[in-house]
Structures are given as structure tokens and as C-alpha cells.
Amino acid sequence: MPVNKICCIGAGYVGGPTCSVIAMQCPDIRVIVVDKNKDRINQWNSDLLPIYETCSWPAAITLSEEPGLEKIVFCCRNRNLFFSTDIEAAIKEADLIFISVNTPTKIFGEGKGRAADMKYVEEAARTIATISTSSKIVVEKSTVPVKAAESISKVLRANQKAGVTFEVLSNPEFLSEGTAIDNLINADRVLIGHNDTPEGKDAFEDLCSIYTRWIPRDRIIGTNTWSSELSKLASNAFLAQRISSINSLTALCEITGADVSEVALAIGQDHRIGPKFLQASVGFGGSCFQKDILNIVYICECLSLREVAAYWQQVIDMNEYQKERFTKKIIETMFHSVSEKTLTIFGFSFKKDTGDTRESPSITVCKRLLDEGARLHIYDPKVFHEQIINDLVYATRDPEKVNKSVNIFSDPYTAANYSHAIVICTEWDEFINLDYSNIYYSMKKPAYIFDGRKILDHQDLSLIGFEVFTIGKRIDKPHVKITNGV
Ligand SMILES: NC(=O)C1=CN([C@@H]2O[C@H](COP(=O)(O)OP(=O)(O)OC[C@H]3O[C@@H](n4cnc5c(N)ncnc54)[C@H](O)[C@@H]3O)[C@@H](O)[C@H]2O)C=CC1
Ligand SMILES: O=C(O)[C@H]1O[C@H](OP(=O)(O)OP(=O)(O)OC[C@H]2O[C@@H](n3ccc(=O)[nH]c3=O)[C@H](O)[C@@H]2O)[C@H](O)[C@@H](O)[C@@H]1O
């Protein structure tokens, strides 16, 4: 059955960009992205989109300009791309429905702190079943536990109207924030899990026919549904595992005098290992790595696979250790106390080129420093000030302390003024080229820099006069040649 109308439930970081790209590549298909969050839909319909995406238009697409998400949305919106809160109408008319709602870690009940909360997926499935008056392909785009498609099918079947059928596919998303458009247009692979039945195979072909408009057919992988669901979790677990592995070596490097960047370069040159995701850091963040690994841990524990669960849990534990180790180093270096001292935090998003703060290592570092009595000046080029305050209030559960001890700034120089230390928590490019001589003169002495992302020129900073600490490398004091003109 040709797909003419698509509905996507969930207008978030995945639903919005994914459907914008589909609308751009398939001008003959009408794409409606719906959400129950009215504010979010209003933003998608405004000039200020809810997601910050910097990426450029890939070379494969011939257009005279280099647009990112904004250009695509502005080009397709109200042509064949629509954002709406009328969920029922969009479901009714669609041939194919993406479920792209959030699947956060459960915060209470059975599996609290580890299992994925499937309530939004279930709610979406119930709505689809009760509203639909014609048969649909339902595509699970959200990241879900293995066997979730079975639960979705069960909910759909239990509530479907006579004569209406549903075929459920698993089509996990692999985009990264900040490079979503590139990732979607030049996807390494598109994974589609389907039932091994004639209906399942037909639905697979229907979804394929959308992706093949711009993705070469040999990059589309068809698997059984459970492999597809597990591959998504495993993919994030493997990426996070690489970061924890390189981070595990940083403490060793600092003690022995090895430099973790040199180690990463050396091991990454082996084409069997490869250079990506070996950048040592204060720790990984983002909405998915931790959540998806916890999900694997929980599934394994439920299946009595204790050793497997413990193996993956260690990736998370190492990440916690790294954030704690970095913060401890700050406190120890500053004479074992940051109480009443002002520390300037550069970067609050979980990585550069996004305004997203979910599970950002910056939150953990700030919370620990606030617990120790520090005053914080925070600067991030993209995160909204209210978001920073909300995150810190949630983390500390102490609005009074946040109100008293945290100031948010709109420019890095003012933020650093009169502070005792700068702490780099996010690798924003703009931090690399700041005028650190100027910053040094405006700070209290000794002036410290703690580079949690290894992005600065540490020798230069030492020469300016800073006390410098970074991850995975001992910074020796510079041998300043004192010349007296002789
Ligand atoms: N953020 C990312 O970079 C990636 C996320 N994923 C996965 O994709 C899924 C979605 O993630 P995000 O887009 O980041 O989440 P998000 O939180 O940004 O967006 C989800 C949206 O779904 C809406 N929603 C929830 N239940 C709904 C319902 N019943 N009806 C209508 N709207 C509903 C929410 O209001 C929200 O706006 C998650 O499972 C996530 O693990 C996968 C790959 C990348
Ligand atoms: O399922 C998801 O949500 C997505 O999760 C990640 O994407 P994302 O969270 O946007 O960001 P990444 O670029 O993977 O970075 C995650 C974290 O790891 C950190 N990181 C990354 C790479 C590295 O070498 N070192 C490192 O510390 C980043 O700073 C960031 O905090 C995956 O890369 C995507 O493939 C996946 O689709």
C-alpha cells in the first residue's frame, strides 16, 4: 500500500527533525507531527524552533545554501509538513504512524531508576487503536526494551475496531543531537525490524520505499523485530562503553605521566578500533546513554543474567566515578575547600551544539560544588537561563541555595570576573578562542582552570599564569625563561 500520509506522535528531538527530513525528501507525502505539549507545537510553528541544530546541508544534496533544521522546516512547513495538537485527526487520516514519544527511566514503582517507562508509548498505542477507522502501519521509533513491539501489538489488538488491522515495525533512530540533519540524510544505516509474515514484509517494503528516496537500499537493514529493538540499546551501550573505557585510563595517565589524548590517538589508529568516541571527558551525558544502558541492565537482571547486567552497569559506574573524580580534584586543588569561593562554569549543555541539558555532567559537577558551599557563575551559549535554574533546583532539591549561590551570565568575560576558578564542562568551540589573558587579569589569584573537556591550550594558559588541571594529563609548570636583557 503506498504511503501518502504520515503522522508522528511526539514532536521532540527525534520526531521533529526526522519528519522534517521525510517531508523534505518526499514532497508528495503529507507529514503531520503531533504532540500533546501545546507550547512545543507552538514553537515548531514559530520562527524560534524548539531545537537548536547547527549542522550544514550535506554535499550530497544540491541546494545553493547550507541550511540546517530551520531551513528545512521553513521550506516545508505548511506545504507538506504540519505541526499540530490535533492528535486524533492526524491519526485518523494517516497510513503510517511513527511513535516517537519519550521513554525515560522510571522514577517510581517496579524497576524504578532502571527500567524504561513505557507509559507514553502505551498511551500513544491506545490512542491509535481507539481513534483509527482504517488499517495502519505503526512504527516504533522511540527507543524501547526488547519485546516492546509485542506489547504495542497487544494494546492495539485489544482495542482495535472491527475491520481495522495494525502492523507494527521497529525503526529505531540513531541520530545525535547537534548533527541530526546530517545523520538523517547521510544515515550509516536504517534499521527496520518486522514480523516474518506476508503483512510484516509488506509493511517493511512500504517503509523502505520512503527511506530509499534518499538512502541507498544496501544501507537499509531488515531484521526481526527483537533484533532491531536490541540493536538500538546495544548501539548506545557500545558507544558509551568506549567513553567509559578511555575515561577509565585518565586517572592512570595523570599519575604516570602518560597523556590520554596520545593514548587515544595511538589505539584509534588501529582500524579495528577506530578513532571515534575516544575523547576523554568529565563524563558522558545526554538523555539516552545512561537510560538505555540501565534498560539493558534491568532486562538482564529480570532474566537472571547477573554477570551480563554487572558488565554493563560498570559503564555507568565508571561515568559516575569520572564526574566525581573531576569535582574532587577541583576541591582538593583549591586548598580542599571551595566554600564561599566563586567558580565560573563554562558550559551547561551535555555536549556542544545543543541546548539540551538532560543528564549533563555539568549538573552533577555544579551540584557537588554547591554542596561544598561554592558560589557559581554559569555561562552557556545556548541553554536558557531558566533551564539551568530548574535543573539545579531539581538536582539539589534546595531552591533557596540555588537562588543564593548561582548566577547565570550571558557573556563569558563577565561570568569569569572576580572568580577563583574556571571549570570547562562543555566543549563549545567558542571557549577555545576566548581572550584568556584578559580573563586571567580579571580573576582572583591564584587563578585556576579545570578543563573537563581537554579543549584548551594548557601550556599557553600556564604561561599566562593560570594553575591548570585537565583530564588524563599532568600539566607541568612551565619553565619560564627570565631574561634581564643580557
Ligand atoms: N534525543 C535524541 O537524540 C534521541 C532520542 N531517541 C529516542 O527517541 C525517543 C524520543 O526522544 P526525544 O525526541 O528526545 O524525546 P522528547 O522528550 O524530546 O520528545 C517526546 C515528545 O513526545 C510527547 N508525547 C509524549 N507522549 C505523548 C502522547 N501520548 N501523545 C502526544 N505526544 C506525546 C512529549 O510531549 C514530547 O514533546 C526516546 O525513546 C529516545 O530514547 C533516539 C535517538 C536519539
Ligand atoms: O539514542 C540517542 O539518544 C543517541 O545517543 C547518542 O547521541 P547524543 O546523546 O546526541 O550525543 P553523543 O554525541 O553520542 O554524545 C553523548 C555524550 O558523550 C560525550 N562524549 C562523546 C564522545 C566522546 O568521545 N567523548 C564523550 O565524552 C558527549 O560529550 C556527550 O556528553 C548517540 O551518539 C546516537 O547515535 C543516539 O541516537
Side-chain angles (χ1 to χ4, degrees), residues 7-19 33-41 43-44 50-51 53 83-88 90-91 98-105 116-128 140-145 148 171-180 183-184 187-188 232-233 235-240 242-247 250 264 268 275-293 295 319 322-323 347 349-354 356-362 425-428 452-455 471:
C7 162
C8 174
I9 305 178
Y13 286 87
V14 169
T18 308
C19 283
V33 186
V34 293
D35 204 294
K36 58 184 179 182
N37 181 335
K38 206 172 170 193
D39 292 341
R40 212 161 203 185
I41 290 298
Q43 279 178 293
W44 279 110
I51 295 173
E53 274 288 333
F83 296 94
S84 166
T85 49
D86 193 346
I87 300 172
E88 300 193 357
I91 289 175
F98 285 110
I99 299 181
S100 192
V101 300
N102 37 332
T103 48
T105 305
D117 193 340
M118 291 291 288
K119 72 176 175 196
Y120 303 107
V121 173
E122 186 180 334
E123 188 188 336
R126 279 180 195 282
T127 313
I128 293 169
E140 172 190 272
K141 178 81 65 198
S142 299
T143 305
V144 291
N171 174 219
E173 185 47 61
F174 296 99
L175 66 80
S176 297
E177 288 178 29
T179 53
N183 299 152
L184 286 163
D188 287 340
K232 171 61 196 177
L233 297 179
S235 170
N236 275 355
F238 268 60
L239 290 169
R242 281 174 70 97
I243 302 168
S244 277
S245 295
I246 199 71
N247 280 347
T250 55
K276 295 190 176 154
F277 274 72
L278 288 181
Q279 172 67 44
S281 65
V282 53
F284 60 74
S287 63
C288 294
F289 278 180
Q290 175 165 314
K291 155 176 94 69
D292 294 348
I293 296 175
N295 199 341
N319 198 46
Q322 185 73 346
K323 290 185 276 184
S349 57
F350 79 93
K351 64 173 186 179
K352 72 172 180 176
D353 296 339
T354 176
D356 193 350
T357 62
R358 290 180 287 181
E359 302 296 339
S360 174
S362 202
C425 283
T426 314
E427 72 281 24
W428 284 101
R453 293 292 187 162
K454 292 179 72 64
I455 53 170
I471 302 260

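Whatever order the structure lists ligands and atoms in, that order sets their numbers, starting from 1. Each residue takes its place number in the sequence, starting with 1.
- Ligand 2 lies within reach of N236, whose nearest heavy atom is under 4.0 Å from it.
- The pair K232-E140 does not count as a salt bridge, with every side-chain nitrogen at least 4.0 angstrom from each carboxylate oxygen.
- Distances shorter than 4.0 angstrom do not occur between any heavy atom of E359 and any atom of ligand 2.
- Considering V121, I128, T127 as possible partners of I9, the one that fulfils the side chain to side chain contact (heavy atoms under 4.5 Å, CB included) test is I128.
- Among D356, T127, I128, T103, the residue whose heavy atom sits closest to atom 39 (O) of ligand 1 is T103.
- For ligand 2, none of its N or O atoms has an N or O atom of P361 under 3.5 Å away.
- The shortest N/O to N/O separation between G285 and ligand 2 falls below 3.5 Å.
- Residue contacts with ligand 1, taken as heavy atom pairs separated by less than 4.0 Å, involve N102 via backbone and side-chain atoms alike.
- Among E177, K291, R358, K119, the residue whose heavy atom sits closest to atom 2 (C) of ligand 1 is E177.
- For atom 43 (C) of ligand 1, the nearest protein heavy atom (residue, atom name, distance) is E173 O, 3.3 Å.
- Counting heavy atoms from C-beta on, the side chains of Q279 and E427 never come closer than 4.5 Å.
- Between F83 and W44, the two ring planes are parallel [angle under 30°; tilted spans 30° to 60°].
- At under 3.5 Å, a nitrogen or oxygen of F350, whether backbone or side chain, sits near a nitrogen or oxygen of ligand 2.
- Atom numbering of ligand 2 starts at 1 in the shown order; those under 4.0 Å from a heavy atom of E177 are 10 (O).
- For the pair E359 and K291, the salt-bridge criterion is not met [side-chain N within less than 4.0 Å of a carboxylate O].
- At the shortest separation from atom 29 (O) of ligand 2 among protein heavy atoms lies R453 NH1, 2.7 Å.
- Between E173 and K141 a salt bridge is recorded (basic side-chain N to carboxylate O distance below 4.0 Å).
- Looking only at side-chain heavy atoms (C-beta outward), V34 and C7 come within less than 4.5 Å of each other.
- Within the 4.0 Å heavy-atom cutoff, K232 counts among the residues contacting ligand 2.
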